[in-house]
Amino acid sequence: MITITGIIFKRQKYNDSDLILKILTKEQGIISVIAKGVLKPKTKLQSACLTYTAGKFIIIPKSGLSILKTTKDIWQADSLFSDVEKTSYLAYIFDLIDHAYLDHHPVGEDYNLAKFALTKIAAEIDPEVICWICQLHLLNSFGVGPAWDSCVFCHETTGNFDYSIEAGGLVCQKDWNRVTHRLHLSDKAISLLRTLAKIPLDKIGKINISNALRLETRQAIDRIYRRTVDLNLRSKKFLDELRLMNQSML
C-alpha cells in the first residue's frame, strides 16, 4: 500500500456499491481509484469520498484501477456541500487542470493552485476572483502563458498598455500599431490582470471590484481562453448559465 496526498474532484458510480474517484495528487498528478463497497449503508469510508475532500489516501496499487483502502487527515468544508455557486467555480477550475495534464503526470505547483482555490472559496473569498487567478496561472500550464511584466516588443515596463492575444501579452502604447487586434482594455483592467497573474497566492485576501471592472475582466479572460486554449467544457457552460440565472433574479 502507498499513501498519497490529494483532493477528490470527481466521483462516478461504478455499480451498486462502488465509486470511481478522480483525485488530484501531490505525488502522482491526476489518478483514478476505485472505492469498493463505499455506497453500502453505514460504510465508514463513505463520508471521506465526497467531492472536494482533501487529505491522505491509502491505496493498493494495481495495473488497472488502484483500490482505495482508507483515508486519514481528512479536510472537508461543510459550506461547499450546499453552495452551487462555489462548487461550480471549483468544478471549472479542476476541469481546467484535468485538461492541462495527462493522468499520472506531475502537475507541479498547480497542485498548490488547486488547494489554494479550494481553501479560499471555502473561506468565502470571492469565487470568481479566485477562478480568474487560477485561469491566469493555468495559461502557463497550457503552454500559452502571456508576458505580463513588460511590452512583448520593446520590453517597456511603465506607461499605458493594452493586451494583444496575437502578440501573446501586453503591448505598450507606442507599439499598438504593430498588432492587428488588441482588447482595448481600461487601465484598471490591465492593472487588475497583471496583479492577479503575478501576486503570490499566500497574499490573496478580500478583493472589492466594481461591477463594470468585473464584467470587463471576465470578458477579457474569456476572450484570451477562447483564442488560445479553445476548450469547450461543460463546467464552463454551466457556470456561465448559473451566472446569467443569478443576474436575472436580481
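Atoms considered below: every heavy atom in the structure, side chains included; atoms not considered: hydrogens, waters and symmetry mates.
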K.L.:
Under the criterion side chain to side chain contact (heavy atoms under 4.5 Å, CB included), which of Leu185, Ile209, Asp187 is the partner of Leu192?
P.N.:
Ile209

K.L.:
Is there side-chain contact between Val144 and Val229, with heavy atoms separated by less than 4.5 Å?
P.N.:
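Yes - at least one pair of side-chain heavy atoms lies under 4.5 Å apart.
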
K.L.:
Does atom NZ (Lys10) have a neighbourhood of more than 12 heavy atoms from anything else shown, all under 6.0 Å?
P.N.:
yes

K.L.:
Any Lys/Arg nitrogen of Lys86 or Glu124 sitting under 4.0 Å from an Asp/Glu carboxylate oxygen of the other?
P.N.:
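A salt bridge is present here (some side-chain N lies under 4.0 Å from a carboxylate O).
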
K.L.:
Which residue is it: Phe94, Tyr89, Trp75, Phe81? I am looking for the one with a ring-ring contact (aromatic ring centres under 6.0 Å, His included) to Tyr52.
P.N.:
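Between Tyr52 and the candidates, ring-ring contact (aromatic ring centres under 6.0 Å, His included) is satisfied uniquely by Phe94.
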
K.L.:
Counting N and O atoms only, with roles assigned by atom type, does the side chain of Glu166 sit under 3.5 Å from a partner on the main chain of Thr180, one being a donor and the other an acceptor?
P.N.:
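Flag set: sc Glu166 to bb Thr180 pair under 3.5 Å.
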
K.L.:
Out of curiosity, Ser210 OG to Lys188 NZ, how far, rounded to the nearest 0.5 Å?
P.N.:
6.0 Å

K.L.:
Looking only at non-hydrogen atoms, find the nearest pair between Gly29 and Val107 and report the distance.
P.N.:
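Taking every non-hydrogen atom into account, CA-CG1, 4.0 Å.
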
K.L.:
Leu170 versus Cys151: any side-chain heavy-atom pair under 4.5 Å?
P.N.:
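Of all side-chain heavy-atom pairs linking Cys151 with Leu170, none is under 4.5 Å.
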
K.L.:
Could you check whether atom OH of Tyr14 has more than 12 heavy atoms from other residues, nucleotides or ligands sitting under 6.0 Å from it?
P.N.:
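Open.
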
K.L.:
Indicate yes or no for a side-chain donor-acceptor contact from His99 to the backbone of Asp95 under 3.5 Å, with no hydrogens or angles considered.
P.N.:
yes

K.L.:
Using the side chain to side chain contact (heavy atoms under 4.5 Å, CB included) rule, take Val129 and Trp132 through it: C-alpha gap first, then chi angles, then the decisive distance, then the call.
P.N.:
CA-CA 5 Å; Val129 174; Trp132 291 342; 4.1 Å; yes

K.L.:
Are Asp222 and Gln219 linked by a side-chain donor-acceptor pair shorter than 3.5 Å?
P.N.:
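Per modelled atom types, Asp222 and Gln219 side chains form no pair under 3.5 Å.
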
K.L.:
Distance from Cys134 atom SG to Ile221 atom CD1, nearest 0.5 Å?
P.N.:
10.5 Å

K.L.:
Give a yes-or-no answer on whether the side chains of Ser150 and Glu156 include a donor-acceptor pair shorter than 3.5 Å.
P.N.:
no

K.L.:
Would a 4.5 Å heavy-atom cut-off, applied to side chains only, mark Ile59 and Lys69 as touching?
P.N.:
no

K.L.:
Hey, could you give me the CD1/NZ distance between Ile34 and Lys36, rounded to the nearest 0.5 Å?
P.N.:
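One gets 4.5 Å once the value is rounded to the nearest 0.5 Å.
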
K.L.:
In sequence, state the C-alpha distance, the side-chain angles, and the governing distance for Thr25 and Tyr111, and then conclude on side chain to side chain contact (heavy atoms under 4.5 Å, CB included).
P.N.:
CA-CA 7 Å; Thr25 76; Tyr111 176 80; 5.6 Å; no

K.L.:
Would a 4.5 Å heavy-atom cut-off, applied to side chains only, mark Val171 and Phe161 as touching?
P.N.:
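Answer no - side chains too far apart.
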
K.L.:
Under 3.5 Å, side chain of Thr217 to main-chain N/O of Arg214, donor-acceptor pair present?
P.N.:
no

K.L.:
Any side-chain heavy atom of Ile204 within less than 4.5 Å of one from Ile133?
P.N.:
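Touching, per the 4.5 Å side-chain cut-off.
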
K.L.:
First locate atom CG of Leu96, then atom OH of Tyr101, and finally report the distance between them rounded to the nearest 0.5 Å.
P.N.:
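These two atoms lie 11.5 Å from each other.
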
K.L.:
For the residue pair Arg182 and Trp176, would you count it as a cation-pi contact if the rule is NZ or CZ under 6.0 angstrom from the ring centre and within 45 degrees of the ring axis?
P.N.:
yes

K.L.:
Is there a path from Leu50 to Ile58 through hydrophobic residues (I, L, V, M, F, W, Y) whose side chains come within less than 4.5 Å of each other?
P.N.:
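No.
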
K.L.:
Please determine whether residues Ile20 and Val38 belong to a single hydrophobic cluster, defined as Ile, Leu, Val, Met, Phe, Trp and Tyr linked transitively by side-chain heavy-atom distances below 4.5 Å.
P.N.:
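No.
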
K.L.:
Do you see a donor-acceptor pair shorter than 3.5 Å between the side chains of Asp230 and Tyr225?
P.N.:
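Side chains of Asp230 and Tyr225: no pair found under 3.5 Å.
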
K.L.:
Does the pair Asp240/Arg243 count as a salt bridge with the N-to-O cut at 4.0 Å?
P.N.:
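So Asp240 pairs with Arg243 through a salt bridge.
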
K.L.:
Do the side chain of Asp73 and the main chain of Lys56 share a donor and acceptor less than 3.5 angstrom apart?
P.N.:
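It does not hold such a pair.
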
K.L.:
Are more than 12 heavy atoms, taken from residues, nucleotides or ligands other than Asp16, located less than 6.0 Å from that residue's CG atom?
P.N.:
no

K.L.:
Does Lys115 form a side chain to side chain contact (heavy atoms under 4.5 Å, CB included) with Leu118? I'd like the steps, not just the answer.
P.N.:
CA-CA 5 Å; Lys115 187 176 179 181; Leu118 180 62; 5.7 Å; no

K.L.:
Looking only at heavy atoms, which two atoms of Val152 and Ala147 are closest? And how far apart?
P.N.:
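Heavy atoms of Val152 and Ala147 come nearest at CG1-CB, 3.6 Å.
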
K.L.:
How close do Ile74 and Gly55 get, heavy atom to heavy atom, and via which atoms?
P.N.:
CD1-CA, 4.2 Å

K.L.:
For residues Ile165 and Arg223, report the shortest heavy-atom separation together with the two atoms involved.
P.N.:
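Closest approach of Ile165 to Arg223, heavy atoms only: CD1-O, 3.7 Å.
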
K.L.:
Would Leu21 and Phe57 count as a side chain to side chain contact (heavy atoms under 4.5 Å, CB included) here? Give the steps.
P.N.:
CA-CA 11 Å; Leu21 307 175; Phe57 301 88; 5.7 Å; no

K.L.:
Contact between Asp98 and Lys22 at the side-chain level, heavy atoms closer than 4.5 Å - yes or no?
P.N.:
yes

K.L.:
Are more than 12 heavy atoms, taken from residues, nucleotides or ligands other than Asn15, located less than 6.0 Å from that residue's CG atom?
P.N.:
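For Asn15, atom CG is crowded (more than 12 foreign heavy atoms under 6.0 Å).
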
K.L.:
Out of curiosity, Ile224 CD1 to Leu193 CG, how far, rounded to the nearest 0.5 Å?
P.N.:
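Nearest 0.5 Å value for the CD1-CG distance: 6.0 Å.
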
K.L.:
Provide the closest heavy-atom pair for Met1 versus Pro61 in the form atom of the first, atom of the second, distance.
P.N.:
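Scanning both residues completely, I find the closest heavy atoms to be CA-CD, 4.3 Å.
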
K.L.:
Check the hydrophobic clustering (I, L, V, M, F, W, Y; side-chain heavy atoms under 4.5 Å; chains of links allowed) and say if Ile30 and Leu65 are grouped together.
P.N.:
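Shared cluster, no.
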
K.L.:
Using a 4.5 Å cut-off on heavy atoms from C-beta on, say whether the side chain of Ile97 contacts that of Leu138.
P.N.:
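Yes, close enough: below the 4.5 Å cut-off.
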
K.L.:
For atom NZ of Lys236, is the number of surrounding heavy atoms from other residues, nucleotides or ligands below 6.0 Å larger than 12?
P.N.:
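Enclosed.
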
K.L.:
Please assess Asp175 against Arg178 for the test salt bridge (Lys or Arg N to Asp or Glu O under 4.0 Å), listing each intermediate value before the final yes or no.
P.N.:
CA-CA 5 Å; Asp175 286 320; Arg178 300 181 66 174; 3.8 Å; yes

K.L.:
Under a 4.0 Å threshold between the charged nitrogen and the carboxylate oxygen, would Asp149 count as salt-bridged to Lys198?
P.N.:
yes

K.L.:
When rounded to the nearest 0.5 angstrom, what is the spacing between SG in Cys131 and OH in Tyr92?
P.N.:
6.0 Å

K.L.:
Can you give me the closest heavy-atom contact between Ile8 and Ala48, atom names plus distance?
P.N.:
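Looks like CD1-O, 3.5 Å.
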
K.L.:
Looking at side-chain heavy atoms only, is the closest gap between Ile67 and Val33 below 4.5 Å?
P.N.:
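SC-SC contact between Ile67 and Val33 ruled out.
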
K.L.:
Using only atom types and a distance under 3.5 Å, with no angle test, would you say the side chain of Gln76 pairs donor to acceptor with the backbone of Ala54?
P.N.:
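Looks like no, no N/O pair under 3.5 Å.
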
